[in-house]
Participant: 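Structure in structure tokens, see below.
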Amino acid sequence: TSVIRGTYLGLEYMRKGNGGDGGVIINISSLAGLMPAAFQPVYCATKHGVIGFTRSIALAANMENYGVRLNTICPGFVNTPILQSIDKEENMGQYYSYKDEIKNMMQFYGVMDPSIIAEGLITIIEDDTLNGEVMKITASQGIHFQQYSQTPFTSSK
């Protein structure tokens with residue numbers, strides 16, 4: 001709920017109709033928000049939710065002329081201490097048997113330095129045309145965007 005509460009709080013203070021100057025809110029998801037992950041079902045579900053929520057609220061903010069853009073970044077594997085936890089059964093619990101699949105995904109997508117995430121954030125902050133976008137960041141494919149078909153319905157408001 002922190003992503004939702006934080007986004008609504010940010011919108012309340014940032015939106016132009018409420019005395020704010022506008023701006024951009026960037027929510028953090030994961031590649032797990034774009035595909036199923038048998039070894040992380042709850043994490044995967046929450047990251048899918050971050051994407052759906054952010055895309056939806058971005059559309060609403062645009063329709064209401066808030067002057068606030070909302071986007072999501074979906075990083076792959078980042079070189080942080082948490083990556084070491086997959087080798088420890090006490091950290092993985094019932095999903096420990098999937099550690100080889102995780103390692104295969106890490107090899108496929110690569111492990112990146114946190115500075116690549118910063119590059120993606122700067123791109124979203126500086127590009128005023130980005131709203132409701134989902135940026136994927138991986139070591140193997142770099143910074144790129146998830147492609148969606150056009151939203152078929154918008155409010156007549």
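Note that this is a predicted model, so its numbers are computed, not measured. Because only heavy atoms are used, hydrogens play no part in the values below, and waters and symmetry mates are left out as well, while side chains stay in.
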Participant: Test of understanding: with side chain to side chain contact (heavy atoms under 4.5 Å, CB included), list the residues that count as partners of Ile125, not counting sequence neighbours.
Facilitator: Val24, Ile26
Participant: Taking Arg55 for its side chain and Leu70 for its backbone only, find out whether a donor-acceptor pair lies under 3.5 Å.
Facilitator: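 Side chain of Arg55 to backbone of Leu70: no pair is present.
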Participant: List the residues meeting side chain to side chain contact (heavy atoms under 4.5 Å, CB included) with Glu12, not counting sequence neighbours, and say none if there are none.
Facilitator: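 If we apply the side chain to side chain contact (heavy atoms under 4.5 Å, CB included) test to Glu12, skipping adjacent residues, the hits are Arg15, Asn18.
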Participant: Report whether Ile4 and Val134 are members of the same hydrophobic cluster (ILVMFWY, side-chain heavy atoms less than 4.5 Å apart, transitive linking).
Facilitator: no
Participant: Grab the two heavy atoms, one from Asn131 and one from Arg69, that are nearest each other, plus how far apart they are.
Facilitator: OD1-CA, 3.1 Å
Participant: Could you go step by step and tell me if Met135 and Thr123 meet the side-chain contact (heavy atoms from CB on, under 4.5 Å) rule?
Facilitator: CA-CA 10 Å; Met135 177 184 278; Thr123 298; 4.0 Å; yes
Participant: Which side-chain N or O atoms in residues 100-107 pair as donor and acceptor under 3.5 Å with protein atoms at least two apart or in another chain?
Facilitator:
{"residue": "Lys103", "atom": "NZ", "partner": "Asp87", "partner atom": "OD1", "Å": "2.7"}
{"residue": "Asn104", "atom": "ND2", "partner": "Asp100", "partner atom": "O", "Å": "3.3"}

Participant: I'd like to know if the side chain of Asn27 pairs up with that of Thr72 as donor and acceptor (distance under 3.5 Å, no hydrogens or angles considered).
Facilitator: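 Per modelled atom types, Asn27 and Thr72 side chains form no pair under 3.5 Å.
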Participant: When the ring centroid of Tyr8 is compared with that of Tyr13, is the distance short of 6.0 Å?
Facilitator: no
Participant: Roughly how far, to the nearest 0.5 Å, is CG of Leu11 from CD1 of Ile57?
Facilitator: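 These two atoms lie 5.5 Å from each other.
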Participant: So for atom CZ, which belongs to Phe145, do other residues, nucleotides or ligands contribute more than 12 heavy atoms lying within a distance under 6.0 Å?
Facilitator: yes
Participant: Please check: side-chain N/O of Ser29 versus main-chain N/O of Lys47, any donor-acceptor pairing under 3.5 Å?
Facilitator: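 A pair under 3.5 Å: yes.
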Participant: Return yes if some donor-acceptor pair links the side-chain N/O of Asn79 with the main-chain N/O of Val111 below 3.5 Å, else return no.
Facilitator: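 The answer is no, because no donor-acceptor pair under 3.5 Å joins these two groups.
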Participant: Less than 4.0 angstrom from a charged side-chain N to a carboxylate O is my criterion; do Lys16 and Asp21 meet it?
Facilitator: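 Salt bridge flag = no for Asp21 with Lys16.
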Participant: Looking only at atom types and distance, does a side-chain atom of Thr138 sit under 3.5 Å from a main-chain N or O of Gln141, one as donor and one as acceptor?
Facilitator: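 Such a contact is found between Thr138 side chain and Gln141 backbone.
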Participant: When you measure from the side chain of Thr54 to the backbone N and O of Ile51, does any donor-acceptor pair fall under 3.5 Å?
Facilitator: no
